[in-house]
Asks: 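Mind having a look at this structure? Questions to follow.
Here is the naming used below: chain letters follow the sequence lines, and residue numbers restart at 1 for every chain.
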2 protein chains.
Amino acid sequence: MTTPTSSTGPRTRLSPEERRAQLLDLGVQLLATRSVDELSIDLLAEEAGISRGLLYHYFGNKHAFHEAVVRRAADDLIEQTAPPPGGEPLQRLRASVASYVDYVVANHQGYLSLVKGAASGNETLREIYDEARSVLSERMFLPDARGSMVPDTASARLVVRGWSAMTEELVLTWTVAPGDVTREQLLEIITASLPALVAVIPAG
Amino acid sequence: MTTPTSSTGPRTRLSPEERRAQLLDLGVQLLATRSVDELSIDLLAEEAGISRGLLYHYFGNKHAFHEAVVRRAADDLIEQTAPPPGGEPLQRLRASVASYVDYVVANHQGYLSLVKGAASGNETLREIYDEARSVLSERMFLPDARGSMVPDTASARLVVRGWSAMTEELVLTWTVAPGDVTREQLLEIITASLPALVAVIPAG
DNA sequence: CACTCTATTGACGATTGTTCAATAACGCCA
DNA sequence: TGGCGTTATTGAACAATCGTCAATAGAGTG
């Protein structure tokens, strides 16, 4: 935990890439616990050891900064949960879910920033979030496997979306309070849920 | 839509109950589309035809007002989706889901205010939301029926929570874009999902 | 019609988002 | 080594919004 905690020392000059990365990392960290309107630019600047003005130099305003933070969290999630190696559809599904669960556990703050950002009303943020979830969902079904595992109907698309929401809720709840549910059991529940839900889809 | 739209006319004096109800209704309406930090007290006051100060007289600050709005939306949801009459567990389940779906359709704004409020970071708001969802979930299983339909284990509680999240996502998505999915099909999917998910719970 | 109670107001101070001209750190070249 | 230009960075000033409080006025009561 490197906390410069504001010393009125000499200004430190970084490259734009470094500075931007630092601010985004800090934003992810801070926005995991506070909501965006509870995070003042003052606090952010002090925590980063910079002036308020610099933040506006890199990101035009607070909204844009928040958007960049959420986008970074989404990209990080997509990148770190790399697509599983080819194999049986159910195997691939389980591997994807496993990497997703492990990511949320290891990177709780970043994931919270993403989820909370998505729900904070802004349309742009919701799009970023939806896109990330789409990427994750699409990975579960390879182009060839999709036709067989999940039919491409309106009902099916709805169910897959619902399954994604359920998965997110399960993982977040389990991460915070696992109770006596093991990681394996969680994976089993999520993985087995998808076929079970697909079987419920009415004929259309 | 009655929009007084600010006339500098004589002040209208209402009873505290009426005024409070008016402000909460207006809050539910306004917070359905904007997020809480995008809603200025100025706009709210002008829209209500009152001064800013009056809002602070009734609710101490903006957070408390938001909390009251969300709580009202939650109470409204719980009240209007009255518990279904006794009968078969699956029948009761379907009736509960139906009333829930119909409420969301008929009262989209209020429901959005509730959901968006819950996700906006504040811990109190999330508690209100969780409590409302618990009430709805509990209704699905009468005390006597619970033991038989859903076992009371950590895994089962997790699954029911996930099912709730899925239901919420399904109903919201369907309300906005029904596609060619009928109301009956949606009810069928949600209702049949719970037993299907329960069957997936690993032995613990 | 005066009088009391209290719902309501409007002006003021405090906090926070945003802008912009001035400043200083770093690389470069003589 | 020392001056110089580029530009990352600052801090003060401005704007908008949150929150406070003593003063005001509507409505019932005798």
Side-chain angles (χ1 to χ4, degrees), chain A residues 4-27 30-31 33-70 117 120-122 124-125, chain B residues 4-27 30-31 33-70 117 120-122 124-125:
Chain A
T5 324
S6 85
S7 55
T8 354
R11 58 172 70 170
T12 58
R13 184 188 174 114
L14 299 183
S15 75
E17 292 76 24
E18 283 177 309
R19 185 62 81 190
R20 195 181 160 86
Q22 177 211 1
L23 294 178
L24 287 181
D25 283 341
L26 184 60
L30 292 180
L31 285 175
T33 54
R34 315 153 209 279
S35 77
V36 65
D37 62 311
E38 286 168 348
L39 174 61
S40 66
I41 304 292
D42 258 320
L43 175 64
L44 181 65
E46 184 178 355
E47 207 74 20
I50 62 169
S51 67
R52 285 194 297 278
L54 192 57
L55 194 97
Y56 288 91
H57 172 70
Y58 280 100
F59 316 88
N61 53 41
K62 200 180 181 182
H63 274 79
F65 174 71
H66 188 199
E67 179 182 321
V69 167
V70 171
S120 78
N122 189 296
T124 308
L125 296 185
Chain B
T5 323
S6 86
S7 54
T8 353
R11 58 173 70 170
T12 57
R13 184 188 176 114
L14 300 182
S15 75
E17 293 75 24
E18 282 178 309
R19 185 61 81 189
R20 194 181 160 86
Q22 176 211 2
L23 293 178
L24 286 181
D25 282 342
L26 184 60
L30 292 180
L31 285 176
T33 54
R34 317 151 209 279
S35 77
V36 66
D37 63 312
E38 286 168 348
L39 174 62
S40 66
I41 304 292
D42 258 320
L43 176 63
L44 181 65
E46 184 178 357
E47 206 75 19
I50 62 169
S51 67
R52 284 195 297 279
L54 193 57
L55 193 96
Y56 288 93
H57 172 72
Y58 280 101
F59 315 89
N61 53 41
K62 199 179 182 184
H63 274 80
F65 173 70
H66 188 198
E67 178 183 321
V69 167
V70 171
S120 78
N122 189 297
T124 309
L125 297 185

Asks: Can you see which heavy atom on B:Ala48 is nearest to which on B:Leu23, and at what distance?
Replies: CB-CD2, 3.8 Å

Asks: Can you check the B:Glu38 CD to C:dG17 P distance for me, whole Å?
Replies: 14 Å

Asks: Rounding to a whole Å, what distance do you find between A:Leu55:CG and C:dT18:C1'?
Replies: 11 Å

Asks: Describe the nucleic acid contact of B:Leu39 in one word from base, sugar-phosphate, nothing, applying a heavy-atom distance below 4.0 Å.
Replies: sugar-phosphate

Asks: Could you work out, with side-chain hydrogen bond (donor to acceptor under 3.5 Å, both in side chains) as the rule, every residue matching A:Thr124, not counting sequence neighbours?
Replies: A:Asn122

Asks: Looking at residues at least two apart in the chain, or sitting in another chain, which of them share a side-chain hydrogen bond (donor to acceptor under 3.5 Å, both in side chains) with B:Asn61?
Replies: none

Asks: What's A:Ser51 touching, base or sugar-phosphate or nothing? Going by heavy atoms closer than 4.0 Å.
Replies: base

Asks: Report the distance from atom CG of A:Asp42 to atom P of C:dG17, rounded to the nearest whole Å.
Replies: 7 Å

Asks: Can you tell me the distance, in whole Å, between the CD atom of A:Gln22 and the C1' atom of D:dT9?
Replies: 13 Å

Asks: B:Leu14 has an atom CG; how far is it from atom C1' of C:dT6, in whole Å?
Replies: 13 Å

Asks: Output one line per pair: protein atom, nucleotide atom from nucleotides 1-4 of chain C, and distance, for all N/O pairs under 3.5 Å.
Replies:
none

Asks: Please tell me if A:Tyr58 has a side-chain N or O lying less than 4.0 Å from either OP1 or OP2 of D:dT9.
Replies: yes

Asks: Considering non-hydrogen atoms only, spot the tightest contact between B:Ala68 and B:Phe59 and give its length.
Replies: CB-CE2, 3.8 Å

Asks: Applying side chain to side chain contact (heavy atoms under 4.5 Å, CB included), can you list everything that pairs with B:Glu18, at least two apart in sequence or on another chain?
Replies: B:Leu14, B:Ser15

Asks: When the distance from CZ of B:Phe65 to C1' of D:dT17 is rounded to whole Å, what number comes out?
Replies: 16 Å

Asks: How would you list all residue pairs meeting salt bridge (Lys or Arg N to Asp or Glu O under 4.0 Å) that involve residues 56-69 of chain A, not counting sequence neighbours?
Replies: A:Glu67-A:Arg71

Asks: Using distance only, find each side-chain donor-acceptor pair of residues 49-56 of chain A under 3.5 Å and give its atom names and separation, not counting sequence neighbours.
Replies:
| residue | atom | partner | partner atom | Å |
| --- | --- | --- | --- | --- |
| A:Arg52 | NH1 | A:Asp42 | OD1 | 2.6 |

Asks: On a heavy-atom basis, which atom in A:Gln22 and which in A:Arg19 lie closest, and how many Å separate them?
Replies: OE1-NH1, 2.7 Å

Asks: Going by side chain to side chain contact (heavy atoms under 4.5 Å, CB included), name the residues that satisfy it together with A:Arg13, two or more places apart in sequence or in a different chain.
Replies: none

Asks: To the nearest Å, how far apart are A:Leu43 CG and C:dG17 P?
Replies: 10 Å

Asks: Send over the distance from B:Glu46 CD to D:dT17 C1', rounded to a whole Å.
Replies: 15 Å

Asks: Counting primed atoms plus P, OP1 and OP2 as sugar-phosphate and everything else as base, spell out the protein contacts along nucleotides 19-30 of chain D at 4.0 Å heavy-atom distance: B, S or - for each nucleotide, 5' to 3'.
Replies: BB---BSBS---

